[in-house]
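All heavy atoms count here, side chains included; hydrogens, waters and symmetry mates do not. Throughout, numbering of the chain's residues begins at 1 and tracks the sequence.
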Amino acid sequence: MEKEKQRMHELVEILDRAAAVYYSGEDEIMSNYEYDKLYDELVELEEKTGIVLSGSPTTKVGYETLSELPKEQHVAPMLSLSKTKDIDELAQWLGDHKGLLSMKLDGLSIIITYENGVLTKALTRGNGEIGEVITNNAKTFKNLPGKIPFMGRMVLRGEALIRYSDFNELNVSESDDDNVTQYKNPRNLCSGSVRQLNNEITAKRRVRFYAYNLIELTGDDKDRPSLEDGSKEDQLTFIRNQGFELAPYKAVTGESIRSMVDEFSKEVTESDLPSDGLVLTYDDISYSRSLGRTAKAPRDSIALKWQDETAETTLIDIEWSASRTGLINPVAIFEPVELEGTTVQRASVHNVSILEELELGIGDRIAVYKANMIIPQIESNMTKSGTCKPPEKCPVCGHATKLVNENGSTVLMCPNEECYAKQIRSLIHFVSRDAMNIDGLSEATLEKWIQGHFIRSCIDIFDLEKHKEAIINDDTMKIREKSFENLQNAIEKAKDASLPNVIFALGIKGIGLATAKDIVKAFPELTLTGFLEMTKDELLSVNGIGDNLADSVVEYIKDEKNRELILKLNDILRVSTPVLAADGSSLSGKTFVITGSLESFANRGECKDRIEALGGKVASAVSSNTDYLVNNDILSTSSKNKKAKSLGIPIITENELISMMKS
């Protein structure tokens, strides 16, 4: 059964890739005969196993936009678990019983219902008693079966999540999509994605489902496990045989639990699944049922939370940081503390909702930690004075601010289109590597040029010669004649620009570099002025673009200021359309991850461009979808090399990659 399921996943991925290439107008990666042959193989496996994966091309999930998510009561309360951070307490709790120790996945708890083998309902946890109905969204989860062999009624609980590798790729490929980048970790992005009113957005966010508990099982199937007695592990085996992926688990006893916790603590650092601890449950179901539950938690399970290194400090200030999109985000400034070997004195508070939830005030004693040992966060506020309030005026331009609800969170906005922060952030974006790639233009330099009235828009960057004397004679800028010449050379070089990079540089909300490339691939004859005339229907024909994104682009190109900007850029730049992948290219449809130093390419960006020009794709993290890891140090013990080896992914050198490009 496991081999059949693995093959089904492979076939869905291959067929989806072939269909995406076909419908985007690129050169086909297989003939119709080959496609039909693989499709028929998938149909046979689905009939044999009774499992139909949610992403299967044999079934089509219709996208739907709702006005609001309906609410519904759970068949049984969704309780929270009792928690501990003490392994000895965990061992004492288990006693001489057999237990199952599983990874506590850091996502969104979901209840899924199947009837007669078909997914019929999905509910979020909500308040534990009543959840939100997200059935249409659940049908787009990457690994959730749309059909299963069991023909009775089955209700199970699991975790919806976004893997680290997918989160990183989404942040790269949608780096200009504020709907993605406003989320600082996979859990928050998953929560926002699962509860979308438009399930097409959920589909793009690569949400997955991992099951860990059976709630209800009724029907005539004599092979179904009992929910009254028997083994919890037998239940998990049954769930797996229905086509579900499980939260990773290990069988444990009182004697082995410490070593198993130690194993998990090592595995979680390399895992692609977000986790914030472990869950221990009794394997004996009848014993578990005899324990009952408290008002808040079941007595048959307990959670072990990972020990985060925390430190107490004093909040000194809240800094409000404005972005080019108008968002003004709170950042906590506190007395420096040591965490995980580094000195920390700043932490993002993310939005106004979190600021209010923490009841922050200047002088408060707060506890801080590093999420995933990387990102500084405020864990708690012991004082809770609540004196920090959102500013009524933009800290940059002085314009009146406004509070806006986005995805259930309150955020602070500056509505002033002429805000200096928007200017500087837009210019930083315009000159960045994936946009116009103008070397030497730092944020500090751009700020001084705006303050000196040398530039007001990106167009002025290409006309700096008239300000040469003023710039090189300004001691605060520290730019002398040679440096100015180097900068001018970089600006001149940037005029030879690729159309996707120019579209990305415009800063259209929701258009990352990957989407810009998809637009150009779909319309190979497109020019920069032609982009101005694109219609919503044309944009909707591009793979990955839905109604909201198409509306965003159309709104942008209809604005007279934006049209004038694009026409001026068209007169200044020498815009080229990238060559599409050659027919039969060995890189077509392949996904690469690049790590380590390079010798033949100037940088990873150049290597990435070459791969994509030949039909390949570059991801930021190694996953099961990766075809090759490029690393000149094949014997390295880096986490990416280890991950690739564990998944059986070939590790190739830069020279081997170049050979593939030439074949």
Side-chain angles (χ1 to χ4, degrees), residues 74-107 109-112 125 128 150 153-159 161 209-218 221 223-242 244-268 271 273 275-307:
H74 293 296
V75 294
M78 291 184 71
L79 305 175
S80 299
L81 295 177
S82 300
K83 300 175 180 64
T84 181
K85 289 190 175 183
D86 188 339
I87 299 177
D88 289 335
E89 184 180 340
L90 209 63
Q92 184 179 2
W93 182 90
L94 182 60
D96 58 0
H97 295 276
K98 175 187 174 183
L100 299 181
L101 187 66
S102 61
M103 195 179 288
K104 187 175 183 293
L105 300 178
D106 191 17
S109 293
I110 303 290
I111 295 286
I112 302 284
R125 183 182 187 279
F150 182 68
R153 173 180 167 85
M154 182 169 75
V155 183
L156 68 162
R157 182 172 177 176
E159 203 81 357
L161 59 80
F209 178 82
Y210 293 83
Y212 54 76
N213 194 30
L214 268 176
I215 296 175
E216 184 179 336
L217 197 66
T218 57
D221 190 335
D223 295 325
R224 65 181 175 88
S226 171
L227 298 188
E228 307 295 326
D229 53 29
S231 162
K232 174 72 179 289
E233 192 164 18
D234 288 344
Q235 289 187 2
L236 294 177
T237 300
F238 175 80
I239 294 172
R240 182 189 288 115
N241 289 340
Q242 300 304 309
F244 296 91
E245 290 190 62
L246 302 176
Y249 75 90
K250 305 175 189 290
V252 295
T253 62
E255 291 74 29
S256 67
I257 191 167
R258 290 173 181 82
S259 62
M260 290 300 184
V261 169
D262 198 39
E263 282 187 28
F264 263 123
S265 68
K266 294 173 183 175
E267 289 176 12
V268 76
S271 176
L273 306 179
S275 168
D276 58 355
L278 301 172
V279 174
L280 178 62
T281 187
Y282 296 113
D283 184 54
D284 188 325
I285 294 172
S286 58
Y287 177 70
S288 294
R289 288 177 58 82
S290 71
L291 298 175
R293 62 181 178 88
T294 67
K296 295 183 178 180
R299 290 195 174 97
D300 68 336
S301 301
I302 187 172
L304 175 74
K305 299 288 287 183
W306 296 123
Q307 290 276 8

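With rounding to the nearest 0.5 angstrom, the CG atom of Leu90 is 6.0 Å from the CD1 atom of Ile302. Separation of atoms CZ (Arg157) and CG (Leu214) is listed at 13.0 Å; rounding is to 0.5 Å. We find the CG-OH distance between Leu280 and Tyr249 to be 14.0 Å, quoted to the nearest 0.5 Å. Once rounded to the nearest 0.5 Å, the distance linking CZ of Arg153 with CG of Leu217 reads 10.5 Å. Rounding to the nearest 0.5 Å places CZ of Phe209 at 4.5 Å from CD1 of Ile112. The CG atom of Leu94 sits 9.0 Å away from the CG atom of Leu101 when rounded to the nearest 0.5 Å.
In this structure, the side chain of Ser265 engages the main chain of Asp262 through a donor-acceptor pair within 3.5 Å. Put simply, the side chain of Asp283 gets close to the backbone of Lys232: a donor and an acceptor are under 3.5 Å apart. Using a distance-only test at 3.5 Å, with no hydrogens or angles considered, a donor-acceptor pair links the side chain of Glu159 to the main chain of Gly107. Remark: the backbone N or O of Asp284 is paired with a side-chain donor or acceptor of Ser288 at under 3.5 angstrom.
Residues Lys98 and Glu233 form a side-chain contact, since some pair of their non-hydrogen atoms from C-beta on lies under 4.5 Å apart. The shortest distance between side-chain heavy atoms of Ser102 and Leu236 does not fall below 4.5 Å. Side-chain contact between Val155 and Ile111 is present, with heavy atoms from C-beta onward closer than 4.5 Å. Contact annotation: the side chain of Ile239 approaches that of Leu246 to within less than 4.5 Å [non-hydrogen atoms, C-beta and beyond]. Residues Arg258 and Asp88 have side chains in contact (heavy-atom distance under 4.5 Å, counting atoms from C-beta outward). Considering only heavy atoms from C-beta on, Phe264 stays 4.5 Å or farther from Ser271 through its side chain. Put simply, the side chain of Tyr212 does not reach to within 4.5 Å of the side chain of Leu105, judged on heavy atoms.
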message: As a quick check of understanding, evaluate side-chain contact (heavy atoms from CB on, under 4.5 Å) for Asn213 and Thr281, giving each step before the final call.
response: CA-CA 11 Å; Asn213 194 30; Thr281 187; over 6 Å; no
- request: Assess whether side-chain contact (heavy atoms from CB on, under 4.5 Å) is satisfied between Ile285 and Leu227, documenting all intermediate values.
  value: CA-CA 7 Å; Ile285 294 172; Leu227 298 188; 5.8 Å; no
message: The test is side-chain contact (heavy atoms from CB on, under 4.5 Å); show your working for Leu278 and Val261 and say whether it passes.
response: CA-CA 8 Å; Leu278 301 172; Val261 169; 4.1 Å; yes
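No more than 12 heavy-atom neighbours from other residues, nucleotides or ligands sit within 6.0 angstrom of CD on Gln92.
Smallest separation of non-hydrogen atoms from Ala91 and Gly254: CB-O, 4.5 Å. The shortest non-hydrogen separation linking Tyr210 to Ala247 is CB-N, 4.1 Å. Nearest heavy atom pair, residue Thr218 against residue Phe150, reads O-CZ, 3.5 Å. Considering every non-hydrogen atom in both Ser226 and Gln235, the closest pair reads O-NE2, 3.2 Å. The minimum heavy-atom distance linking Leu100 with Ala251 is given by the pair CD2-CA, 4.0 Å.
Taking the six-membered ring where the residue is Trp, Tyr282 and Tyr287 present perpendicular rings, their angle passing 60° and hence far from 30°.
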